[in-house]
Amino acid sequence: MAATESLHLPPTYPDDVAASVSMMESCFAAYASSNLEGLTEQQAHVLLSYRDFARAVVMQHGPTLRYSEARVPIEAVASFISRRRGMAEGVVAMLNRRFSSGASPDGLGRAVQKFEYFVRIDAYCQSILDNWSGPSREWRKR
């Protein structure tokens, strides 16, 4: 399933600024889709916020999991977040506050556990990982 089929994106407007090359490259890397052409800066920002939050949640389940292995569950969790309006808006707002304060998205760690929708997102993540037959399930036994 292509990322754009499962991701909810904010609407575009005529005066929107196009996403930068680096933002587009990050989106392509995160969502493994060539259907993201023409993203606006705001849409790319939102997609990358979903990715950062999803990565923090997934990595709590498998801290030794390599990013290349975690890509599929991260994309699934990001998609789950994007399709729930309140959850999606909350994730973006949380990451915007962190960014404004100078905190790195890489340091999300346990901060995601304080998010009001964490329990739902974490349960979805666990269901993905329980049914995942990715390249290396051995990481879950470490």
Side-chain angles (χ1 to χ4, degrees), residues 1-13 16-142:
M1 180 182 301
T4 53
E5 293 172 12
S6 60
L7 286 167
H8 172 74
L9 295 172
T12 59
Y13 301 98
D16 283 347
V17 176
S20 69
V21 171
S22 64
M23 287 180 95
M24 289 297 294
E25 288 172 352
S26 294
C27 286
F28 286 135
Y31 294 101
S33 174
S34 59
N35 298 329
L36 296 175
E37 291 293 334
L39 284 180
T40 67
E41 188 175 76
Q42 177 63 23
Q43 289 174 318
H45 170 73
V46 165
L47 288 178
L48 295 173
S49 293
Y50 299 156
R51 178 216 50 198
D52 291 345
F53 193 92
R55 179 172 43 202
V57 173
V58 170
M59 296 315 264
Q60 288 187 26
H61 289 273
T64 60
L65 184 63
R66 291 188 309 261
Y67 184 73
S68 60
E69 293 175 320
R71 186 173 173 174
V72 171
I74 288 170
E75 186 172 351
V77 172
S79 177
F80 174 81
I81 292 167
S82 80
R83 292 188 312 268
R84 285 145 185 88
R85 185 176 181 171
M87 187 182 291
E89 289 172 353
V91 163
V92 173
M94 176 189 179
L95 289 174
N96 283 344
R97 284 190 304 274
R98 287 183 57 82
F99 181 75
S100 295
S101 71
S104 167
D106 294 333
L108 273 173
R110 295 191 182 266
V112 298
Q113 294 177 0
K114 297 175 185 171
F115 183 61
E116 64 181 307
Y117 294 104
F118 173 75
V119 172
R120 287 181 56 199
I121 295 169
D122 190 56
Y124 180 78
C125 177
Q126 187 63 57
S127 73
I128 292 293
L129 294 173
D130 286 347
N131 296 303
W132 185 43
S133 58
S136 171
R137 289 188 56 124
E138 293 302 311
W139 65 271
R140 301 199 55 212
K141 297 176 184 171
R142 292 182 205 163

Query - Carboxylate-amine/guanidinium contact E89 R85, below 4.0 Å - result: yes

Query raised in the report: Do R51 and S26 touch side chain to side chain, with heavy atoms closer than 4.5 Å?
Result: yes

Query - Heavy-atom pair of closest approach, residues G38 and Q43 - result: O-OE1, 4.3 Å

Requested in this report: State whether the side chain of D16 and the backbone N or O of Y13 hold a donor-acceptor pair below 3.5 Å, judged by distance alone.
Outcome: yes

Query raised in the report: So do the side chains of F118 and V57 get within less than 4.5 Å of each other, counting heavy atoms only?
Result: yes

Query - Atom pair CE/CD1 of M59 and I74 - distance to nearest 0.5 Å - result: 6.0 Å

Query raised in the report: Can you name the residues that form a side chain to side chain donor-acceptor pair (under 3.5 Å) with S22, not counting sequence neighbours?
Result: S20

Query - Nearest non-hydrogen partners of S49 and L95, listed with the distance - result: O-CD1, 3.0 Å

Report task. Check whether any side-chain heavy atom of L47 lies under 4.5 Å from a side-chain heavy atom of L9, and answer yes or no. Result -> yes

Query - Rounded distance (nearest 0.5 Å) linking atom CZ of R120 with atom CD1 of I81 - result: 11.0 Å

Requested in this report: Please report the closest heavy-atom contact between A78 and Y31, naming both atoms and the distance.
Outcome: CB-OH, 3.6 Å

**Report entry** Those residues that, when tested against R83, pass side chain to side chain donor-acceptor pair (under 3.5 Å) (two or more places apart)
**Finding:** S79

Query raised in the report: Does the side chain of Q126 come under 3.5 Å of the side chain of D130 through a donor N or O and an acceptor N or O?
Result: yes

Query raised in the report: So, do N96 and H45 sit near enough that their side-chain heavy atoms are less than 4.5 Å apart?
Result: yes

Query raised in the report: Between D122 and H61, is a side-chain contact (heavy atoms from CB on, under 4.5 Å) present by the stated rule, with each step listed?
Result: CA-CA 9 Å; D122 190 56; H61 289 273; 2.6 Å; yes

Query raised in the report: Does the side chain of I121 reach to within under 4.5 Å of the side chain of V112, using non-hydrogen atoms?
Result: no

Query raised in the report: Less than 4.5 Å apart, any side-chain heavy atom of V77 and any of Y50?
Result: no

Report summary line: For M87 and F115, the nearest pair of non-hydrogen atoms, with its separation, is O-CZ, 3.7 Å

Requested in this report: Identify whether NZ of Lys or CZ of Arg in R84 sits under 6.0 Å from the centre of the six-membered ring of F80 and within 45° of that ring's axis.
Outcome: yes

Query raised in the report: Of all heavy-atom pairs between A111 and R98, which one has the smallest distance, and what is that distance?
Result: CB-NH1, 3.9 Å

Query raised in the report: How close do Q60 and Q113 get, heavy atom to heavy atom, and via which atoms?
Result: OE1-NE2, 2.8 Å

